[in-house]
Amino acid sequence: MSVYEKIGGEAAVNAAVDIFYRKVLADERINEFFDTVDMEAQHAKQKAFLTMAFGGPNNYTGKDMREAHKHMNLNEGHFNAVAECLVGTLQELSVPQEYIDEIVGIALSVKDDVLNK
Amino acid sequence: MSILGRFGIGEQGVAKDQDAVKLKFRGKEYSPEPGESVLDTLLRSGLDMPHSCKAGLCQACVMKTEEGIVPDKSQNGLSAAQQSMGYFLACQCVPEQTISVASIDQTNLRVALKVKTIEPLSESVTRLCLEGSTAFRAGQYVTLWPTEAYGRSYSIASTPDEGVLEFHVKNIEGGRFSAWLRDEAKVGVTVEMQGPMGLCFYNAEADAKLVMTCIGTGLAPMIGILKDALAEGHSGDIRLVVGAKTEEGFYEESFLRELEQLHENLSVDFLVQEGDVGGLYQVADIYEYATNEIGELKGSQIYICGAESFVKKMKRTVFMAGANMQDIHSDSFLASAD
């Protein structure tokens, strides 16, 4: 069973996305990247991202992640900020640490694509 | 639609074979510029295509595709039936492949309604009522076409059982609809109506807390939704916060104050940006008020209507203050693009 199924599938993503999106908008290190876009569209993207990070069904390819983030000139600091928001969200939802570790592992697997390395 | 398009990547990227993407219309072929909508391509070529908001809301620019597939985004807001017939919004359609499009006989999308009432609500707002029994939900919007040449969108301030569709029209200097309303409209005159559209209507649990906030003629859908909720016996708290720069910006105050007297669960706040403290109206910043003065937002159904900049900022304000994204319902009012 994937960690996505273990923590509750789509319901878990729905519970997490508002919390995660709020944290990202409040985080000075990264909020500029999320500020300009239409909130509903951004919310949908967050939902897609969390689904992927939880090991759920998604259509992302490494190339998509790379293409989408290339023009933003992101660095480790940006990536870590997002990861922190993700971990904070999961902690707020009382997700067990071992699942948090699994999810962080999945997020790390796309790091090179996101940072265009 | 491509996988890239599903994540909005197509919006930034450019199709590698942009040169091969053509637009066919009425037997002619056009070459869209990268990122250019079907509407803009045709307008640029000198064609007089119907349109208004250029934001995918008013549906004045609806066309139909006869060959080729249009991006999902260009069908947002259209009914399932309309989508299956290939209808799309020309202002939102940036073709990713060659498509052949056609105008639709828009009269099929419209119904003729008679003007029943025209009366001033304030120096800058006019109440316009059209006789009709079309199916709609209070708070939805329609596009009104006084003539074939132009359509403008307005939110419905009445409930279906009133037998009319009520609109609050802001008098805009140099505005075509404003001019028509002032100079040509009178009782009995016919107007074509397209719609209803939009998702900003009452759909909450009877005991939910409702928070409604608006500026200007954003009050129109709020009044509609309020009447709807009360008619349905809504028992939860309803908090309506109306903002304006100065007290001259308010209208329908006595109506709202009376409603407040009649319904214990309703409270109405009028906020001004500039005014005398201790007067009839509270001097407050509406965003700060929403964050701090109306209690817990989490779990409340939030309705926001008015100018685009207000709606964007208020959406963000209530979201950050704890409201769930799926509980935020809004309509932005955009001035016509022309």
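All values below were derived from every heavy atom in this structure, side-chain atoms included, with hydrogens, water molecules and symmetry-related copies excluded. Proteins get letters first, then strands, A, B, ... in listed order; numbering begins at 1 in each.
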Checklist entry - With a 4.5 Å heavy-atom cut-off, do A/Glu40 and B/Lys315 have their side chains touching? => result yes
Checklist entry - Hey, which residues of residues 320-327 of chain B are touching chain A, say heavy atoms under 4.5 Å apart? => result B/Met320, B/Gly322, B/Ala323, B/Asn324, B/Met325
I'd like to know whether [atom1] of [X] has more than 12 heavy-atom contacts from other residues, nucleotides or ligands below 6.0 angstrom.
X: A/Gln97; atom1: CD; answer: yes
X: A/Glu10; atom1: CD; answer: no
X: A/Lys111; atom1: NZ; answer: yes
X: A/Lys70; atom1: NZ; answer: no
X: A/Leu108; atom1: CG; answer: yes

Item to check | Interface residues of residues 23-30 of chain A facing chain B - non-hydrogen atoms under 4.5 Å apart | outcome: A/Leu25, A/Ala26
Checklist entry - Taking the inter-plane angle between the rings of B/Phe319 and A/His43 on a 0 to 90° scale, is it parallel (under 30°), tilted (30 to 60°) or perpendicular (over 60°)? => result perpendicular
